[in-house]
Visitor: 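Have a look at the structure that comes next, please.
Since this is a predicted model, take the numbers as computed values, not measurements. One is the number of the first residue; the rest follow in order along the sequence.
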Amino acid sequence: MANDASTVFDLVILGGGSGGYAAALRGAQLGLDVALIEKDKVGGTCLHKGCIPTKALLHAGEIADQARESEQFGVKASFEGIDVPAVHKYKDEVISGLYKGLQGLISSRKVTYIEGEGRLSSPTSVDVNGQRVQGRHILLATGSVPKSLPGLEIDGDRIISSDHALVLDRVPKSAIILGGGVIGVEFASAWKSFGADVTVIEGLKHLVPVEDENSSKLLERAFRKRGIKFNLGTFFQKAEYTQDGVKVTLADGKEFEAELLLVAVGRGPVSQGLGYEEQGVAMDRGYVLVDEYMRTNVPTISAVGDLVPTLQLAHVGFAEGILVAERLAGLKVVPIDYDGVPRVTYCHPEVASVGLTEAKAKEIYGADKVVALKYNLAGNGKSKILKTAGEIKLVQVKDGAVVGVHMVGDRMGEQVGEAQLIYNWEALPAEVAQLIHAHPTQNEALGEAHLALAGKPLHSHD
């Protein structure tokens with residue numbers, strides 16, 4: 001179809017990552033004629049270089065830790081080391097299975113898939129492989145790549161990005177991780193489980209600095225206990241090669257040396273040289289600017305995912321892509337409440353949250369109108385069985401709804417589903433407290449926290 005110059009698609013999507021393929025699948029399901037253009041592999045960063053492979057590494061690390069610690073549970077096991085090729089085989093099999101399934105979905109929905117590097121050539125067309133693909137509407141979904149700092153070159157040798165780290169052929173003896181956000185602490189956690197000596201450098205005053213401060217402090221305490229070192233509150237100045245590794249110098253003169261430096265200072269949008277500015281698309285620092293319905297300033301062009309300045313999460317990309325497809329198909333759509341999006345950092349222990357931090361809630365509602373409650377997982381039977389420590393913190397508008405849920409502990413990412421319902425349905429503590437949570441589960445801790453906030457604590461002190 002794409003070779004036929006007379007074909008005009010309802011929707012042409014540039015980029016086959018989370019946002020792009022979600023829009024393609026939903027659009028086709030709603031009867032739109034869709035073309036999806038991708039230069040690499042459908043699934044994008046999340047499937048091939050992000051969410052899925054990192055979580056596979058983290059799970060392998062969890063197995064290694066369980067082998068080391070098995071005697072605490074009365075199980076005699078021995079840990080003999082990490083077989084890096086076998087870890088990659090396991091990780092790649094997970095990716096491969098999901099990739100094949102996604103390819104099948106694209107085919108079954110009769111989406112026209114075009115492999116090649118596309119470029120926006122007009123407000124209603126994309127050029128790819130020497131041909132022009134016409135569309136009544138264009139969706140830009142070209143994603144993001146790892147970024148660095150001025151003067152710091154990622155060479156793929158001793159100074160690496162997350163892309164390089166995912167295919168590393170060995171466990172580094174020691175590593176410095178520049179950046180204590182989600183990517184940085186997840187790699188710190190996995191590499192420590194694999195046996196590396198890890199130091200995290202974060203210029204802000206806490207690890208995972210966008211989370212509630214209490215969650216950050218709990219993670220820092222857990223990392224200290226695990227032997228993961230970190231330096232907070234001082235910014236990076238320079239990195240240089242040593243005889244057998246890398247030396248990092250901070251703004252205060254402090255120096256750190258290791259075999260590798262992983263640069264984990266975030267991801268930047270892929271937008272340069274793709275024709276966006278030439279076609280009049282409004283941009284800021286490489287990001288494409290959109291309104292709450294993901295519309296750019298050009299009426300025939302929308303944008304989603306890491307390319308726009310919203311949360312860089314795969315599930316946000318899914319939601320944004322679906323929103324665009326449904327809007328173009330004539331359905332009524334509701335703007336995304338980004339505060340209501342669940343956020344999970346999959347280190348050990350996990351950090352999960354939805355809604356407002358206590359500080360943000362006080363800023364919005366006033367300090368005297370905000371109530372916060374902490375429920376320690378020490379009172380939760382299943383968490384005791386798993387030997388995990390942590391807390392659930394609830395943030396409530398006084399005499400009103402719960403506006404923030406913040407959790408730290410193993411498997412807390414699996415509890416964030418109920419937490420997002422509590423926030424998004426504006427639940428009162430008493431409404432959650434009357435629901436019966438299964439015992440013994442970690443999910444029960446959410447119920448117990450709401451019982452306490454409703455003034456009728458069970459397994460916790462007043």
Visitor: Among residues at least two apart in sequence or on other chains, which ones pass side-chain contact (heavy atoms from CB on, under 4.5 Å) with A445?
Guide: Y375, L377, N380, I392
Visitor: Would D65 and H348 count as having a side-chain donor-acceptor pair, cut-off 3.5 Å?
Guide: no
Visitor: Going by heavy atoms in the side chains, are L250 and Q237 under 4.5 Å from each other?
Guide: no
Visitor: If you count heavy atoms of other groups shown closer than 6.0 angstrom to CD of E153, is the number above 12?
Guide: no
Visitor: Distance check, rounded to the nearest 0.5 Å: D212 atom CG versus H206 atom NE2?
Guide: 10.0 Å
Visitor: For N297 and G280, indicate whether the former's side chain and the latter's backbone hold a donor-acceptor pair under 3.5 Å.
Guide: yes
Visitor: Without swapping roles, check the side chain of R343 against the backbone of G355 for a donor-acceptor pair under 3.5 Å.
Guide: yes
Visitor: I'd like to check N231 versus V200 (side-chain heavy atoms, cut-off strictly below 4.5 Å). Are they in contact?
Guide: no
Visitor: For a 4.5 angstrom cut-off between non-hydrogen side-chain atoms, does V87 reach I82?
Guide: yes
Visitor: Are R411 and S383 close enough that a side-chain donor and a side-chain acceptor fall under 3.5 Å?
Guide: no
Visitor: What are the two closest heavy atoms between L260 and D157, and how far apart are they?
Guide: CD2-O, 3.4 Å
Visitor: Examine distances only and state if a side-chain atom of H406 and a backbone atom of L356 form a donor-acceptor pair shorter than 3.5 Å.
Guide: yes
Visitor: Do V395 and V371 come within less than 4.5 Å of each other through their side chains, counting heavy atoms only?
Guide: no
Visitor: Say whether, by atom type as modelled, one donor and one acceptor occur between the side chain of T249 and the main chain of G253 under 3.5 angstrom.
Guide: no
Visitor: Is any side-chain heavy atom of L120 closer than 4.5 Å to a side-chain heavy atom of I301?
Guide: yes
Visitor: Which heavy atom of K91 sits nearest a heavy atom of P53, and at what distance?
Guide: CD-CB, 3.7 Å
Visitor: Counting only N and O atoms by type, is there a donor-acceptor contact under 3.5 Å from the side chain of H59 to the main-chain atoms of A56?
Guide: no
Visitor: Quick one: side chain to side chain donor-acceptor pair (under 3.5 Å) pairs with a partner in residues 43-57, sequence neighbours left out?
Guide: T45-R267, K55-E186
Visitor: Tell me, please, whether Y241 has K247 positioned over its six-membered ring: NZ or CZ under 6.0 Å from the ring centre and within 45 degrees of its axis?
Guide: no
Visitor: Taking everything shown except E278 itself, do over 12 heavy atoms lie less than 6.0 Å from its CD?
Guide: yes
Visitor: Does a side-chain N-to-carboxylate-O contact under 4.0 Å join D197 and K229?
Guide: yes
Visitor: Where is the tightest heavy-atom contact between L274 and G118, given as atom of each residue plus distance?
Guide: CD2-O, 3.7 Å
Visitor: Spell out, as yes or no, whether a donor-acceptor pair under 3.5 Å connects the side chain of H459 to the backbone of P457.
Guide: no
Visitor: V265 vs L178, test: side-chain contact (heavy atoms from CB on, under 4.5 Å). Steps then yes/no.
Guide: CA-CA 6 Å; V265 294; L178 185 58; 4.0 Å; yes
Visitor: Let me confirm one number: the CZ-CD1 distance from F230 to I176, rounded to the nearest 0.5 Å.
Guide: 15.5 Å
Visitor: Do the non-hydrogen side-chain atoms of V324 and V304 ever get within less than 4.5 Å of each other?
Guide: yes
Visitor: Looking only at non-hydrogen atoms, find the nearest pair between L232 and E220 and report the distance.
Guide: CD1-OE2, 3.7 Å
Visitor: List the atom of V405, the atom of A419, and the distance in Å for their closest heavy-atom pair.
Guide: CG1-CB, 3.8 Å
Visitor: Check step by step if side-chain contact (heavy atoms from CB on, under 4.5 Å) holds for F256 and V246.
Guide: CA-CA 8 Å; F256 299 86; V246 183; over 6 Å; no
Visitor: Please walk me through it: do E391 and N214 pass side-chain hydrogen bond (donor to acceptor under 3.5 Å, both in side chains)?
Guide: CA-CA 9 Å; E391 285 180 359; N214 185 65; 3.0 Å; yes
Visitor: Keeping the roles fixed (side chain from R224, backbone from L219), state whether a donor-acceptor pair exists under 3.5 Å.
Guide: no
Visitor: Just how far is it from atom CG of L58 to atom CZ of F187, taken to the nearest 0.5 Å?
Guide: 8.0 Å
Visitor: Ignoring hydrogens and geometry beyond distance, is a side-chain donor-acceptor pair present between E431 and H450 at under 3.5 Å?
Guide: no
Visitor: Tell me which one of Q420, K393, E211 satisfies side-chain hydrogen bond (donor to acceptor under 3.5 Å, both in side chains) with S353.
Guide: E211
Visitor: Is the backbone N or O of S189 less than 3.5 Å from a side-chain atom of S193, with the two atoms forming a donor-acceptor pair by type?
Guide: yes
Visitor: Would one find more than 12 heavy atoms of other residues, nucleotides or ligands at under 6.0 Å from atom CD of E69?
Guide: yes
Visitor: A side-chain contact here means heavy atoms from C-beta on lying under 4.5 Å apart; do D410 and P349 qualify?
Guide: yes
Visitor: Which pairs pass side chain to side chain donor-acceptor pair (under 3.5 Å) with one or both residues in residues 283-296, sequence neighbours excluded?
Guide: D291-R295
Visitor: Would you call E240 and K238 a salt bridge, using N to O less than 4.0 angstrom?
Guide: yes
Visitor: Do you know the tightest heavy-atom contact between K147 and I154?
Guide: O-CD1, 4.1 Å
Visitor: Between CD of E320 and OG1 of T310, what distance do you get to the nearest 0.5 Å?
Guide: 3.5 Å
Visitor: Working note: T142 + Y276, criterion side-chain hydrogen bond (donor to acceptor under 3.5 Å, both in side chains); need CA distance, chi angles, decisive distance, verdict.
Guide: CA-CA 11 Å; T142 44; Y276 299 170; 2.8 Å; yes
Visitor: State the OG-CE distance between S215 and M407, to the nearest 0.5 angstrom.
Guide: 9.0 Å
Visitor: Rounded to the nearest 0.5 Å, what's the gap from CD on E277 to CD on Q272? Could you check?
Guide: 8.0 Å
Visitor: Between the main-chain N or O of G180 and the side-chain N or O of E202, is there a donor-acceptor pair closer than 3.5 Å?
Guide: yes
Visitor: State, without any angle test, whether D306 and S144 hold a side-chain donor-acceptor pair at a distance under 3.5 Å.
Guide: yes
Visitor: Output yes when a side-chain donor or acceptor of S216 lies under 3.5 Å from a complementary backbone atom of L207, and no otherwise.
Guide: yes
Visitor: Charged N to carboxylate O below 4.0 Å: is that the case for E358 and K374?
Guide: no
Visitor: Are side-chain heavy atoms of Q442 and M412 found at a separation under 4.5 Å?
Guide: yes
Visitor: Please determine whether the number of non-hydrogen atoms from other residues, nucleotides or ligands lying under 6.0 Å from atom CZ of R221 exceeds 12.
Guide: no
Visitor: Run the numbers on V185 and Y346 for side-chain contact (heavy atoms from CB on, under 4.5 Å), then give the verdict.
Guide: CA-CA 9 Å; V185 299; Y346 294 87; over 6 Å; no
Visitor: Step by step, work out the side-chain contact (heavy atoms from CB on, under 4.5 Å) result for E414 and E350.
Guide: CA-CA 10 Å; E414 301 303 323; E350 290 182 353; 5.6 Å; no
